[in-house]
Protein chains: 2
Amino acid sequence: MGCDQTLKGLGYRLTPQRIMVVEALHGADEHVSAEEIYTQVKARYPYANISTVYRTLELLKELGLVTETDLGDGRVRYHPAEKGHHHHLVCHKCGKIIDLPESALFHLEETLSRDYRFQPDLKHLAIFGVCADCQK
Amino acid sequence: MGCDQTLKGLGYRLTPQRIMVVEALHGADEHVSAEEIYTQVKARYPYANISTVYRTLELLKELGLVTETDLGDGRVRYHPAEKGHHHHLVCHKCGKIIDLPESALFHLEETLSRDYRFQPDLKHLAIFGVCADCQK
DNA sequence: AAAATTATTGCAACTGCTTGCACCAACAAC
DNA sequence: GTTGTTGGTGCAAGCAGTTGCAATAATTTT
Ligand SMILES: [Mn+2]
Ligand SMILES: [Mn+2]
Ligand SMILES: [Zn+2]
Ligand SMILES: [Zn+2]
């Protein structure tokens, strides 16, 4: 089931603005910024406002339909949950971004769950550090 | 060796503003915000500017003398490296903050280092999720 | 001690993102 | 279909943090 029907099913109103945000989100490549989504939405409906984009992303986030990740450039990036989960290693020397499978954090999740009864919410994490090439 | 002498030793100028930022940082409890540091500095030197505070914190961060952590309220928090390393579990239902010893992430660090030759920079991480009390 | 050099500061403008509020439109009740 | 309710939107102002630039002051050279 898509984002639209989930929203509707949970009693949220399915406005044209929300539909356009969801479409822009799914159409763009992963790691889209709010500004990029706003640009796309505005092309279709010039009265659209960026705060509506942020509010829609916030809602989708609360419902677990998108993840939000700070990859270290000055803006936050969004990723639809439907496209699958993974994480990233971000080199703060050269800026390189390495993909990390979801499973790389399973052990940590288990530890936190077992030892602290804490259920971590690790869906699209960015871990900063130094990549192999930049270590010498 | 304190922050002041480290700065001086690396060729950075030891200005009154920097000294006051470092003193405020060490005097306050851990998890100080830039605004709180600014308030303290301004009480001693009213001409002080908040961008100088931010620039000093940025420099100390680059040198590994402070860590910066987003604990989920709207502002970033700073912690002097001298006071020791640890991490936090942050419940985004009730806001509770649980301390996590440095060692809890050693296994992850080893995995990333071994499998990806990536040296993660995990000095004062905040992991968001749901605490034991909020899981029912 | 004075002059020269250049890192650092204060200021104002700017960025990404959030929020209060009046107006509007999606959906439900009739 | 019309009316009413209430959640959602647009707008403008606000907040945390950053940045360009001219003035200033810490340090070096003479
Ligand atoms: Mn990704
Ligand atoms: Mn801490
Ligand atoms: Zn690198
Ligand atoms: Zn909790």
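Note that the coordinates shown come from a computational prediction; the quantities given were computed from them, not determined experimentally. Numbered from 1 within each chain, the chains take letters A, B, ... in sequence-line order.
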Between protein and nucleic acid, restricted to nucleotides 14-16 of chain C and to nitrogen or oxygen atoms under 3.5 Å apart, what atom pairs and distances do you find?
{"residue": "C:dG16", "atom": "OP1", "partner": "A:Arg75", "partner atom": "NH1", "Å": "3.4"}
{"residue": "C:dG16", "atom": "OP1", "partner": "A:Arg75", "partner atom": "NH2", "Å": "2.2"}

side-chain contact (heavy atoms from CB on, under 4.5 Å) for A:Cys3 and A:Glu82? Distances and angles first, verdict last. CA-CA 9 Å; A:Cys3 293; A:Glu82 291 179 9; 4.3 Å; yes

Quick one: do A:Glu23 and A:Arg44 make a salt bridge, cutoff under 4.0 Å? yes

Salt bridge (Lys or Arg N to Asp or Glu O under 4.0 Å) against A:Arg18, all qualifying residues, sequence neighbours excluded: none

Report the residues that fulfil ring pair (Phe, Tyr, Trp, His ring centres under 6.0 Å) with B:His124, sequence neighbours left out, ordered by chain and then residue number. B:His31, B:His79, B:His86, B:His88

If I take atom NZ in residue B:Lys42 and atom C1' in nucleotide C:dT9, what distance separates them, rounded to the nearest angstrom? 15 Å

Using atom CE of B:Met20 as one end and atom P of D:dA25 as the other, report the distance to the nearest whole Å. 13 Å

All side chain to side chain contact (heavy atoms under 4.5 Å, CB included) counterparts of A:Ala28, not counting sequence neighbours: A:Val32, A:Gln40

Just how far is it from atom NE2 of A:His26 to atom CD1 of A:Ile37, taken to the nearest 0.5 Å? 10.5 Å

Say whether, by atom type as modelled, one donor and one acceptor occur between the side chain of A:Glu30 and the main chain of A:Lys83 under 3.5 angstrom. no

So CE of B:Met20 and OG1 of B:Thr15: to nearest 0.5 Å the spacing works out to 7.5 Å

Within residues 8-18 of chain A, find the residues that approach DNA chain D with a heavy atom at under 4.0 Å, and present them sorted by residue number. A:Tyr12, A:Arg13, A:Thr15, A:Gln17, A:Arg18

Would you mind reading off the distance between B:Glu58 atom CD and D:dT18 atom P, rounded to a whole angstrom? 7 Å

The criterion is salt bridge (Lys or Arg N to Asp or Glu O under 4.0 Å); which residues satisfy it with A:Glu58, sequence neighbours excluded? A:Lys61

Without decimals, in angstroms, what is the distance between A:Leu60 CG and D:dG8 P? 12 Å

In Å and rounded to the nearest 0.5 Å, what is the CD1 to CG distance from B:Ile127 to B:Leu89? 6.0 Å

For DNA chain C, determine which residues of residues 121-129 of chain B have any heavy atom closer than 4.0 angstrom to one of its atoms, and list them numerically. none

Holding to salt bridge (Lys or Arg N to Asp or Glu O under 4.0 Å), I want the full list of residues that pass it with B:Asp133, two or more places apart in sequence or in another chain. B:Lys96

Sub-3.5 Å pairs of nitrogen or oxygen atoms, protein against nucleotides 11-14 of chain D:
{"residue": "D:dC11", "atom": "N4", "partner": "A:Ser51", "partner atom": "OG", "Å": "3.4"}

Mind checking what makes salt bridge (Lys or Arg N to Asp or Glu O under 4.0 Å) contact with B:Glu36, not counting sequence neighbours? B:Arg77

Between B:Ser113 and B:Glu109 (side chain of the first, backbone of the second, donor and acceptor by atom type, cut-off under 3.5 Å), is there such a pair? no

Base, sugar-phosphate or nothing for B:Tyr45? Non-hydrogen atoms, less than 4.0 Å. sugar-phosphate

Would you mind reading off the distance between B:Glu62 atom CD and C:dT8 atom P, rounded to a whole angstrom? 11 Å

Side chain to side chain contact (heavy atoms under 4.5 Å, CB included) partners of A:Lys8, counting only residues at least two apart: A:Gln5, A:Leu14

To the nearest angstrom, the CG-P distance between A:Leu57 and D:dT9 comes to 12 Å

Before giving the answer on side-chain contact (heavy atoms from CB on, under 4.5 Å), spell out for B:Val76 and B:Tyr78 the whole-Å C-alpha distance, their side-chain angles and the decisive distance to 0.1 Å. CA-CA 7 Å; B:Val76 158; B:Tyr78 298 88; 3.8 Å; yes

The bend of the helix from C:dA1-D:dT30 to C:dC30-D:dG1, taken between the axes of its five terminal pairs at each end and rounded to 10°, is 20°

Given atom OH of A:Tyr38 and atom C1' of D:dT9, what is their separation to the nearest angstrom? 13 Å

Distance check needed: D:dT19 C1' versus A:Asp73 CG, whole Å only. 17 Å

